[in-house]
Asker: 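Could you have a look at this structure, given as C-alpha cells, before my questions?
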Number of protein chains: 2
Amino acid sequence: MNNIVMNNVRVAVDNCIFAVRDGRLEVLLIQMKKEPFDFAWALPGGLIEAGETLDGAAARILEQQTGVRDVYLEQLYTFDDRSRDPDGRVISVAYVSLIPWEGRDLKTTDKYRAVQFWDCDRVPSKLAYDHREILDYARNRLAAKIQYTNCVWSLLPERFTLSELQNAYETVLNRNLDKRNFRKKVLSLHLVKPCGEKSSGGRHRPAMLYSFESREPELVEVF
Amino acid sequence: MNNIVMNNVRVAVDNCIFAVRDGRLEVLLIQMKKEPFDFAWALPGGLIEAGETLDGAAARILEQQTGVRDVYLEQLYTFDDRSRDPDGRVISVAYVSLIPWEGRDLKTTDKYRAVQFWDCDRVPSKLAYDHREILDYARNRLAAKIQYTNCVWSLLPERFTLSELQNAYETVLNRNLDKRNFRKKVLSLHLVKPCGEKSSGGRHRPAMLYSFESREPELVEVF
DNA sequence: TCAAAAGTGTTGCAAATACACCCATGT
DNA sequence: ACATGGGTGTATTTGCAACACTTTTGA
C-alpha cells in the first residue's frame, strides 16, 4: 500500500461525558487555547499515541484534559470526512460516558483555557471541529440506551433516593414520568434495594436511600 | 505530534454482509490468497485510500472484492488492539449490511481465491484477522436492531409474501413466531401493503404479495 | 386425493396508564 | 402553620400470547 496515503490519516478520540445536575443534562467541555479554535469550546479529545488502544487513549485524554478518571467509556461511533480538522485528515472515534455530578473537581492543563460542564441545551452554538454533530449523536444514543439497559446507575452516586433516580430518567428522556408507576417499575425489576434513611438537606420528609442491585451493564427493559 | 507514531496507524474497513436463504442466515466471505492468511476466509475489507470517506471506502471495497454494489452500509463498531494484522497496527471500522439473497452474481478479483455466502452457523472456525469477533458482534447487533427498526426490508426483494417476511424475522431472531400474531402485528403497524397475487412455484395455495410502505430507515417497535 | 403452504378470530393474562391524598420535616 | 418533596393503591385499558381449522393449488 501507498505510504504517502497512509501518512495522512490520523486517529483521534473524543469524549462525550454526561452528568445530570439539578434536572438538567450537562456535558463536559474544554475551552481551546490554540488557533484556529482559540476560545472555542470542545469535547475533550485528542490524537492517539503509539501502542495505545482506543479505549486507553480515551481514558488517558479524558483524565489529562479534565481530571475525570475511572469512568466507564463506551465507544459510540467513528466520524470522518467532514474536513474535520484544518490540519489534514483526521478520523475521530467518539466515546460516551455517564458520571455522577457530585464532587468532581475538574482540572485541565495549561494547553486549555478552562474545563466545565455545560447544560446540553445551552451549549455554545459553535463548538470546535464537528463536535456539535458528535454531541447531538451521543445525546440521541443516550436517550435510546437508557431505555433498555441499567446504565443510569453511572449517573448516580452510591446511594440515592428514588426521586433522584426518577429525575435522572426524566432528564435524559426529556419527559415526565408518573411517580407511582415509576417506583412500582424499578422496584418490581429489582433494579435497586433500600438501605438507611436520609434527613440531610431539605425541609421536607426524609427519603429512603437506595443503591443498585448491580452496577454491571445489563439489558433491562426499563420503559 | 510525533510523526513516527502516526505513521504506524492504518485504517481499514471490513464489511459484514448478511442475507437470508432458505431459512438460514448467511454471511458473505472471501477467500484470501496471500500469506499469512492464504486460503483463510475473511470478511471483505481493506485499507482506506486518500480522500475517501469511510462509507465510500466500504462501498468501493465491497464492490471490488465481491461484485456486490448499491447496498446500504451502516457503520457498526471500530475494532483495534488485538495485534490485528501481523503487518503493523491497523484499526478496523466494521460495516454491516443486509441484502436480498436473490440473483446476486458474486465475482472477485485475482487477488482472492473465491467469494461466497456461508451459513453463519457453519463458518470456518478460523477466519482471517479478528473477523470472527467482528462477525459475532455484527450478528448480535443485527438481532437487536431488527426488533426496533424496519430494517428487514433490506433482506427482501421488492415484492414478497408474508411468510417470506416472517421467515426473515425468524431466521435473524433465531426463534419461531406465531403466524397469526405475526400477521396481525405487521399489518397493524402498516409496515407493508398488499399488491397482486402469486401463483408461481409451490404446489399449494398462492400467497398474496406485499411490498413495504417505506424503505427508509425508521424506528418501529416490531417485537 | 394428497401434500403443502395460505389464510383467518377469540380469549385470557399481564403490563401500562391514569389518577389524588396524607406524611414527615425544616423554617 | 405552611411549604416542600416523600410516600402509597386501585381501576381501566391495552397489548401480547396461546391456540386449530378451512382453503387453494399442483402433482
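Lettering of chains follows the sequences in order, A, B, ..., and the numbering in each one begins at 1.
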Asker: Hey, does B/K184 reach any base, or is it just sugar-phosphate, or nothing, if we go heavy atoms under 4.0 Å?
Answerer: base

Asker: Atom CE of B/M208 to atom P of D/dT25: distance rounded to whole Å?
Answerer: 12 Å

Asker: Closer than 3.5 angstrom, by distance alone: can the side chain of A/D80 be matched with the main-chain N or O of B/L54 as a donor-acceptor pair?
Answerer: yes

Asker: From the options A/W153, A/W101, A/F212, select the one residue that forms a ring-ring contact (aromatic ring centres under 6.0 Å, His included) with A/F160.
Answerer: A/F212

Asker: Tabulate below the donor-acceptor pairs under 3.5 Å that side-chain atoms of residues 187-195 of chain A make, not counting sequence neighbours, or state none.
Answerer:
| unit_1 | atom_1 | unit_2 | atom_2 | d |
| --- | --- | --- | --- | --- |
| A/S188 | OG | A/K184 | O | 3.3 |
| A/S188 | OG | A/K185 | O | 3.0 |

Asker: Tell me the interatomic distance from A/R203, atom CZ, to D/dG5, atom P, rounded to whole angstroms.
Answerer: 8 Å

Asker: Can you sort out the partners of B/Y169 under ring pair (Phe, Tyr, Trp, His ring centres under 6.0 Å), two or more places apart, ordered by chain and number?
Answerer: B/F182, B/F223

Asker: Between B/R139 and B/D121, does any side-chain N to carboxylate O distance fall below 4.0 Å?
Answerer: yes

Asker: To the nearest Å, give me how far apart CZ (A/R205) and C1' (D/dT4) are.
Answerer: 12 Å

Asker: Tell me, which of residues 163-180 of chain B have any heavy atom that sits under 4.0 Å from an atom in DNA chain C?
Answerer: B/S163, B/K179, B/R180

Asker: Choose from D/dG7, D/dT25, D/dT4 the nucleotide whose nearest atom is closest to any side-chain atom of B/H204.
Answerer: D/dT25

Asker: How about B/Y112 and B/Q65: does a side-chain donor come under 3.5 Å of a side-chain acceptor?
Answerer: yes

Asker: Could you give the CG-to-P distance, from A/L187 to D/dG7, as a whole number of Å?
Answerer: 11 Å

Asker: Write out all pairs satisfying salt bridge (Lys or Arg N to Asp or Glu O under 4.0 Å) with one or both partners inside residues 54-70 of chain B, taking only residues at least two apart or from two chains.
Answerer: B/E49-B/R60, B/E52-B/R60, B/E63-B/R69

Asker: Write out all pairs satisfying salt bridge (Lys or Arg N to Asp or Glu O under 4.0 Å) with one or both partners inside residues 160-181 of chain A, taking only residues at least two apart or from two chains.
Answerer: A/E164-A/K198

Asker: Measure from NZ on B/K185 to C1' on D/dT14 and round the result to the nearest Å.
Answerer: 12 Å

Asker: Going 5' to 3' along DNA chain C, which are the first and last nucleotides with any atom under 4.0 Å from a heavy atom of chain B?
Answerer: C/dA3 to C/dT10

